[in-house]
Engineer: 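Sharing a structure with you now.
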Amino acid sequence: MSTSPAVTVVAMIKRIIPAIATRGRVITMLAFGLLPVVLAFFINRADDGGDDFVAADLLSRFSLLIYIPLVVLIFASATLGTLREERTLVYFWLRPIGRWQIAVASFVSSLLVLIPVISVPTILLAAIIGDAGDMIGILMAALIAIVAYGALFTFLGLVTQRALVWGLIYIIVWEGFLGGLSRAAGRLSIRNYTRSALSRIADAPSIIDNPESMAVVIIVTVCLAAAGLVLTTWWLNALDVD
Amino acid sequence: MVVVDRISKWFDDVVAVSDVSFTLGPGVTALLGPNGAGKSTTLRMIAGLTSPSQGAIQVLGDNPRQSAEVRGRIGLVSQQEQLFSEQRAVEFVQLAATLNGVGDAEAAARSALQTVELDPDDLRTISTYSKGMRQRVKVAQALVHKPALLLMDEPLTGLDPRQRLKMTALIQQLGAQGICVVVSSHVLEEVERLGSSVLVIAQGRLAAQGDFHAIRQLMENRPHRIRIRTTDARALASALLTYSGIHGVEVVDESELLVDTNDVALFRKRVAPTARYVDAQLYEVQPLDDDLESVFKYLVGR
Amino acid sequence: MTDSTSAEIYDRGYRVYDGPRTGTGTAVKSVFFASVQRALGLRRKFRYKIAPVLTIMFAYIPALIFVGLAIVIPGDLSGETSDYSGYFGITGIAVMLFTAFVAPELMINDRRTGMFGLYLSSPLEKLHYLVAKVGALVSVMSLVTVLPSLFFVLGYILVGNGPDGFGNTLEVIAKIIFTGLIVAMFYSLIGMAISTVTNRQGVASAIIIMFFLTSAFLTNSLVFEADAPDWILALSFVELPVDVAARIFDEAQNQLDGVSTSVSMGTLVGVLAVSLATIWFGYQRIEVTK
Amino acid sequence: MDTAAARDTSPSPSVISASAVSKSWGDHQVFRDFTAEIPKGITGLLGSNGAGKTTLFGMLLGLHHRSGGQLQVLGQDPNTAGPELRQRIGYSPEHHDLPTDVAAQDLVRHIAEIHGLPKREATTRSSDALWLVGLGEERARPIGTMSTGQRQRVKLAQAIAHGPSLVILDEPTDGLDPVQRDDMLELIRDIGTKYDIDVVLSSHLLEEVERIADNVVIIAGGTTAAAGPIQELRVGGGGAVVVLDDQHEQVAQGLRARGIEVNIDRSRLLIGGDEPIESIAGAVRDVVAEADASLRRFAPIQQSLEDLFLAEVHGE
């Protein structure tokens with residue numbers, strides 16, 4: 001007597017979303033995202049001869065390097081992290097369902113929260129200072145970032161109680177510092193692929209040198225998401241739940 | 001329904017459970033022991049939340065850690081208080097029903113809440129609930145799929161007396177329905193009230209097992225101390241001392257004496273006739289260590 | 001040894017204390033020292049010392065490199081020595097990381113472990129508690145603001161590359177201490193304010209880092225690449241405190257070109273006021289023993 | 001500040017004196033009329049979960065102000081004398097989560113210091129307190145590595161280390177097993193009797209309050225349901241209980257034949273209705289002797305605090 005996975009996954013998502021998308025968190029993260037929008041709006045009014053390239057460039061630097069990774073870290077690591085910290089994971093874990101369903105439910109929950117939280121300020125910003133090509137490019141790049149970082153940080157939240165600290169160190173030290181040292185190291189950072197996507201779609205070569213092709217970007221993203229889900233499932237199966 | 005075969009569990013170099021074996025059938029079993037004795041660890045291993053370092057556990061014929069089917073027939077009332085507290089009770093229990101594959105999850109949730117005397121139509125969230133109500137919500141989510149095995153870790157802790165009475169009654173009722181209910185506790189009075197079979201765990205080992213009264217019987221051989229209030233303590237004292245099983249009598253004052261005996265059966269038979277013989281009234285005959293608490297202390301060896 | 005005829009048994013152990021008691025000042029001092037210890041990981045296991053030690057080292061490395069360079073290539077760098085306040089720009093990342101890890105540790109940990117309740121059930125009032133915490137955080141922060149720059153100047157003086165004359169040297173040192181304290185205070189209060197409104201240490205750390213990075217990055221991008229008005233640079237909180245200190249000493253080289261002194265100082269005072277208000281009112285709302 | 005003087009010149013003989021105290025949190029009224037005189041000694045504060053025990057402690061410490069009524073603690077009004085008063089009170093909160101990475105002695109010394117003990121005194125007193133609660137050997141261990149029982153002891157040690165006149169303990173036996181509970185109660189008893197420290201402890205386990213407290217205050221429905229010395233509250237209700245190993249029927253018949261009312265409850269006989277023990281004791285002795293029954297227990301039915309509690313909390 002088991003229900004279809006779709007039903008159970010949806011039931012878990014309905015539980016996880018309100019737990020991670022607390023009002024304070026959503027408002028704070030939206031506010032961070034909207035700050036540049038407000039600034040851009042005033043700048044645009046004060047000076048209407050703005051340069052076109054700036055939008056994509058600014059967005060790529062601010063959004064892809066700082067804003068999106070941090071917002072994804074906060075929400076995605078909270079999905080399983082909160083369940084573990086509050087010791088309520090047992091209410092999902094001790095049920096006659098495959099553990100992959102829990103992994104999928106957490107991952108999808110973070111996507112469902114992150115996509116609106118991130119795209120609202122992104123669309124507004126692109127609308128104010130960019131053109132349509134920029135908007136599609138930045139949205140695609142943002143989506144790739146959400147999926148890739150989301151899978152990684154969902155897993156991180158399950159593995160360690162201090163996911164935020166390790167995530168910050170990863171973002172600042174690995175992606176921000178080491179990733180910039182050499183081309184080879186750069187390929188091991190997610191931002192290489194998100195910036196490549198933006199560079200290709202928005203046709204903005206100034207963003208990154210030698211961008212990867214879109215095919216590579218998509219393959220890498222899908223592989224990362226799959227790896228994140230498999231690792232999460234495997235870790236859930238081996239876990240000692242308390 | 002549960003077969004525990006020589007399990008041990010250690011964390012780093014600390015032994016939590018050591019070489020414990022038992023089997024459980026339908027009805028209520030109390031898992032008794034001091035804090036840190038390994039009760040929770042044992043329950044967690046039975047539920048499959050963690051695996052034994054050594055030995056094997058079979059629940060309903062299968063390994064609980066691997067079989068999803070077995071998981072669906074276990075209900076667990078865990079010790080931690082945190083629930084999904086922004087939800088209403090009925091939503092929380094309904095989620096449990098859905099994940100357990102119950103057909104009409106909502107109906108099942110409502111009926112489980114009614115079983116624990118909570119209102120399914122309550123609009124408040126669980127965060128506004130008292131400790132006792134939360135405890136009952138946890139019981140409801142464990143019952144909603146009609147499990148064959150119900151594991152309850154300290155379900156009586158934190159409840160006030162009235163709530164404890166109700167919870168005890170519910171546990172008895174579930175046991176009578178043929179569910180295998182395992183209740184861990186260190187609140188002894190309640191276990192006594194459950195009137196169940198008992199597993200005593202102390203220092204990670206199984207210290208005693210069996211019917212509560214049988215365990216008590218085993219304990220009859222140890223020294224007992226009884227307080228007697230009477231009208232003539234001295235006369236009764238010297239009369240009682242003539243029995244060989246009674247090895248000490250302490251006269252506290254004119255109306256009270258304490259009797260130490262190794263043969264409590266003899267004492268129980270003889271106390272009334274002896275009092276009548278010396279013409280002393282008995283106002284109280286009170287065993288001072290006949291409760292489970294003393295049995296427990298005796299087993300734990302402190 | 002002891003003569004058996006004169007043995008005495010003393011009643012040792014717990015006694016009721018009837019002696020004089022010290023006042024609130026000592027209590028504040030005790031909280032201050034306990035907080036400093038906690039921030040630096042003193043009296044705790046080794047792994048709690050890793051993060052503070054690494055971050056502090058990070059703040060000193062540039063000083064070591066500059067002094068080392070000055071020894072290797074004497075005279076060549078003399079032009080750079082006038083810009084001591086520039087050192088704060090270089091250690092900015094270290095200061096930010098240090099704030100992100102230490103401020104939540106000092107504020108949130110007490111609330112989550114029930115220590116805050118224990119403090120309030122002592123003679124301490126909320127005000128005393130917060131004064132002790134601000135003092136502790138600013139002092140600890142000075143380790144990554146004041147001391148590395150002092151070290152830097154002292155190094156230059158030792159290799160004969162420092163400021164000319166005794167009076168000048170004192171002036172430079174005074175400037176550095178003052179600037180360092182302003183930077184420490186500014187970061188501390190922002191970190192504490194964010195740690196007041198968040199209840200999880202990790203989230204607070206993330207928000208603090210996000211706050212500073214966002215402000216520096218956005219304002220610079222907007223002004224230098226989108227031709228936004230210059231005053232927006234005053235919202236670059238990484239540079240603002242150093243700039244204000246430079247202005248107070250009337251140094252020619254301001255950090256924030258094109259921002260007027262009143263805007264720069266006004267913004268700093270405003271941010272400090274908002275932070276203090278957030279901390280104060282946030283703590284007024286916390287009830288213990290409800 | 002000299003606490004010795006403060007202790008002697010305390011104007012009221014009561015440790016705590018409350019009259020018509022009320023307290024609301026927003027719309028929720030926790031107390032509407034709490035009135036009690038708590039004398040020196042050990043006092044148990046009983047009430048169901050959510051009855052406002054912790055809120056009352058907060059008011060006693062002056063951490064939040066009452067909405068109305070009069071309250072004196074150690075002769076002072078906690079609303080105005082807060083810090084001065086708290087210096088003379090030791091408080092052990094209900095929660096178990098102390099800082100995990102701090103050594104027990106560091107915590108206890110720190111708390112003693114902020115209660116006004118000079119550094120050196122704080123160090124020796126905290127060590128004394130930890131030895132007293134039985135953690136002398138463990139004092140350098142981080143609290144996170146300690147069991148619930150040991151943490152409860154640390155909480156007790158930090159409450160008494162600075163030599164308070166009054167110690168307030170919120171659920172000091174919560175989460176302890178019987179052996180640990182006995183030890184803890186014995187400790188509290190010692191503190192309350194040997195060192196002239198007044199103790200107020202809250203509990204929902206009635207039996208332990210019965211064991212150590214001199215006085216009891218029961219709160220329910222926002223008011224004082226009962227208050228007074230424990231002996232006065234524990235009045236015999238009449239009747240007796242007889243527990244037999246065998247011959248239940250014969251004994252029951254014999255007693256009935258002598259005109260004594262008998263109810264059989266499993267192996268127990270509840271006899272005598274409201275009659276005092278003196279008027280039924282003779283009959284019980286003779287009937288049991290004649291039936292050659294094994295008498296396990298024979299005792300007058302006492303109204304326990306549990307009964308009292310049930311009556312007060314749910315009787316209205």
Side-chain angles (χ1 to χ4, degrees), chain A residues 1-26 78-106 108-109 113 158 161 233-242, chain B residues 9 11 40-41 43-53 59 62 64-87 91-105 108 125-126 137-138 141-142 144-147 149 151 153:
Chain A
M1 51 156 198
S2 87
T3 325
S4 91
V7 175
T8 51
V9 167
V10 168
M12 284 189 277
I13 290 174
K14 276 196 205 153
R15 170 79 291 278
I16 296 173
I17 287 182
I20 57 169
T22 59
R23 203 170 34 171
R25 230 179 257 170
V26 170
T79 52
L80 290 166
T82 312
L83 290 173
R84 281 212 80 181
E85 186 180 301
E86 295 186 343
R87 301 168 69 189
T88 43
L89 180 59
V90 65
Y91 295 116
F92 290 162
W93 197 89
L94 192 68
R95 304 294 183 212
I97 52 174
R99 299 296 162 36
W100 63 269
Q101 296 181 23
I102 302 175
V104 168
S106 339
V108 173
S109 301
V113 173
L158 172 66
Q161 299 271 4
T233 306
W234 169 72
W235 197 276
L236 278 169
N237 271 324
L239 191 69
D240 274 4
V241 180
D242 53 15
Chain B
K9 176 81 182 176
F11 302 102
S40 289
T41 310
L43 279 184
R44 290 179 56 217
M45 286 190 285
I46 297 176
L49 299 184
T50 183
S51 48
S53 310
V59 175
D62 216 333
R65 203 161 158 75
Q66 278 156 16
S67 161
E69 201 235 331
V70 167
R71 284 207 294 277
R73 299 183 64 194
I74 297 178
L76 174 71
V77 179
S78 60
Q79 210 178 338
Q80 69 263 20
E81 266 169 60
Q82 285 273 16
L83 296 166
F84 295 137
S85 47
E86 326 84 72
Q87 280 190 314
E91 293 168 335
F92 177 65
V93 180
Q94 194 179 331
L95 173 67
T98 307
L99 296 184
N100 273 307
V102 175
D104 187 348
T125 59
I126 297 175
V137 174
K138 288 199 290 192
Q141 67 79 30
V144 70
H145 55 300
K146 308 220 179 326
L149 171 63
L151 304 166
D153 199 357

Engineer: Quick one: of B:Q94, B:E91, B:Q87, who has the most non-hydrogen atom pairs under 4.5 Å with chain A?
Structural biologist: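 Ranked by heavy-atom pairs under 4.5 Å with chain A, first place is B:Q87.
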
Engineer: Atom CE of B:M45 and atom CG of A:D240: how far apart are they, to the nearest 0.5 Å?
Structural biologist: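 Going from CE on B:M45 over to CG on A:D240, the span is 10.5 Å.
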
Engineer: Does atom CD of B:E69 have more than 12 heavy-atom neighbours from other groups under 6.0 Å away?
Structural biologist: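 12 or below, so no.
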
Engineer: Report yes if some heavy atom in the side chain of A:L94 is under 4.5 Å from a heavy atom in the side chain of B:L49; otherwise report no.
Structural biologist: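 A side-chain contact under 4.5 Å exists here.
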
Engineer: What closest approach, in Å, do A:I97 and B:R71 show between heavy atoms, and which atom pair accounts for it?
Structural biologist: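 Here A:I97 and B:R71 meet closest at O-NH2, 2.9 Å.
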
Engineer: Might you point out which heavy atoms bring B:T98 and A:A11 nearest each other, and give the distance in Å?
Structural biologist: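 Scanning both residues, the minimum pair turns out to be CG2-CB, 4.1 Å.
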
Engineer: Does anything in residues 80-91 of chain A get under 4.5 Å of chain B by heavy atoms, and if so which residues?
Structural biologist: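 Interface residues of residues 80-91 of chain A: A:L83, A:E86, A:R87, A:T88, A:V90, A:Y91.
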
Engineer: Within the side chain of A:R95, is there an N or O that forms a donor-acceptor pair under 3.5 Å with the backbone of B:A68?
Structural biologist: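 Here the side-chain-to-backbone pair does not exist.
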
Engineer: Of the non-hydrogen atoms in A:P96 and B:G72, which two are nearest, and what is the gap between them?
Structural biologist: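 Result for this residue pair: CG-CA, 3.5 Å.
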
Engineer: Nearest 0.5 Å, please: how far is CZ in A:R15 from CG in B:L99?
Structural biologist: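 Result: 11.5 Å between the selected atoms.
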
Engineer: Taking all atoms of both residues into account, what is the closest heavy-atom pair of A:A19 and B:E86, and its distance?
Structural biologist: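 It is CA-OE1, 4.0 Å.
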
